[in-house]
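Notes for the one structure printed next.
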Amino acid sequence: MIVRSFKEIEGTDRHVKSASGTWESKRIVLAKERVGFSVHETILYAGTETSMWYANHIEAVVCVEGEAELTDDETGEKYTITPGTMYLLDGHEKHTMRIKQDFRCICVFNPPVTGREDHDENGVYPLLTEPEEV
């Protein structure tokens with residue numbers, strides 16, 4: 001059994017701040033736990049815009065605080081995301097988040113991330129893996 005808090009991982013290698021400066025993520029469950037998914041608390045900052053494309057991952061996001069406009073870049077459809085709203089990127093959709101108020105969410109990734117990922121120039125997380133245990 002693993003028990004840990006978001007508070008205790010602040011400032012560790014599990015607390016990732018994006019190179020773009022638009023978000024930070026506390027990655028509480030990672031690939032090294034070998035449970036088939038990862039769990040993160042992510043904060044995207046008010047007034048920022050982030051384009052993403054999880055070409056290698058499926059992501060589910062539940063908003064717990066703030067407000068954002070989610071745009072499906074493939075269809076142009078726009079959604080307002082507020083606390084209690086979930087979105088699932090089950091088709092690897094390219095999307096853009098425009099943050100109206102600091103946006104705190106809980107994210108689940110499959111396959112799990114290692115904790116070292118940041119978006120590349122296309123908004124993609126690389127598919128990193130942990131070495132197999134012997």
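For reference, positions follow the sequence shown, starting with 1.
Of all non-hydrogen atoms in C63 and C105, the two that sit nearest each other are CA-CB, 4.1 Å. When all heavy atoms are compared, the tightest approach of L30 to S38 is CA-CB, 4.1 Å. Looking at every heavy atom in both residues, S25 comes nearest to T42 through OG-OG1, 3.1 Å. Taking all atoms of both residues into account, the shortest heavy-atom contact from A46 to K100 is CB-O, 3.9 Å.
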| request: Could you walk me through whether M52 and E59 pass side chain to side chain contact (heavy atoms under 4.5 Å, CB included), step by step? | output: CA-CA 11 Å; M52 296 169 269; E59 182 192 29; 5.6 Å; no

| field | Verdict with reasoning, Y87 to T85, per side chain to side chain contact (heavy atoms under 4.5 Å, CB included) | value | CA-CA 7 Å; Y87 64 92; T85 305; 5.9 Å; no

| Stepwise, does the side chain to side chain contact (heavy atoms under 4.5 Å, CB included) test hold for V113 with H40? | CA-CA 10 Å; V113 303; H40 321 168; 3.3 Å; yes

| task | Decide side chain to side chain contact (heavy atoms under 4.5 Å, CB included) for I43 and F103; before the verdict, give the C-alpha distance in whole Å, the side-chain angles of both, and the deciding distance to 0.1 Å. | result | CA-CA 5 Å; I43 299 173; F103 184 84; over 6 Å; no

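Distance check, rounded to the nearest 0.5 Å: CG of N110 to CG of D90 gives 12.0 Å. Separation of atoms CG (D102) and CD (E67) is listed at 12.5 Å; rounding is to 0.5 Å. Here the CZ-NE2 distance, from R27 to H15, works out to 10.0 Å after rounding to the nearest 0.5 Å. In this structure, CD on E93 lies 8.5 Å from OG1 on T75, to the nearest 0.5 angstrom. Between the CD atom of E8 and the NZ atom of K26 there is a distance of 11.5 Å, given to the nearest 0.5 Å. Between atom CD1 of residue I99 and atom OG1 of residue T48 there is a gap of 5.0 Å, rounded to the nearest 0.5 Å.
Through chains of ILVMFWY side-chain contacts below 4.5 Å, V29 is grouped with F6, I9, I28, V35, F37, V39, V64, I106, V108. The other residues sharing a hydrophobic cluster with V62 are I58, M86, L88, where clustering joins ILVMFWY side chains under 4.5 Å apart. V3 belongs to a hydrophobic cluster whose remaining members, ordered by chain and number, are M1; membership requires side-chain heavy atoms of ILVMFWY residues under 4.5 Å apart, directly or through intermediates.
Residues passing the side-chain hydrogen bond (donor to acceptor under 3.5 Å, both in side chains) test with E74: none are found, sequence neighbours excluded. Applying the side-chain hydrogen bond (donor to acceptor under 3.5 Å, both in side chains) test to T22 and every residue at least two apart in sequence or in another chain returns S20, T50. Under the salt bridge (charged side-chain N to carboxylate O under 4.0 Å, His left out) criterion, E65 pairs with R104, not counting sequence neighbours.
A tilted orientation is assigned to the rings of H95 and Y54, their planes being inclined by 30° to 60°.
Residues S18 and E24 form no side-chain contact, since every pair of their non-hydrogen atoms from C-beta on lies 4.5 Å or further apart.
Of the N and O atoms on the side chains of R98 and T71, at least one donor lies less than 3.5 Å from an acceptor on the other residue.
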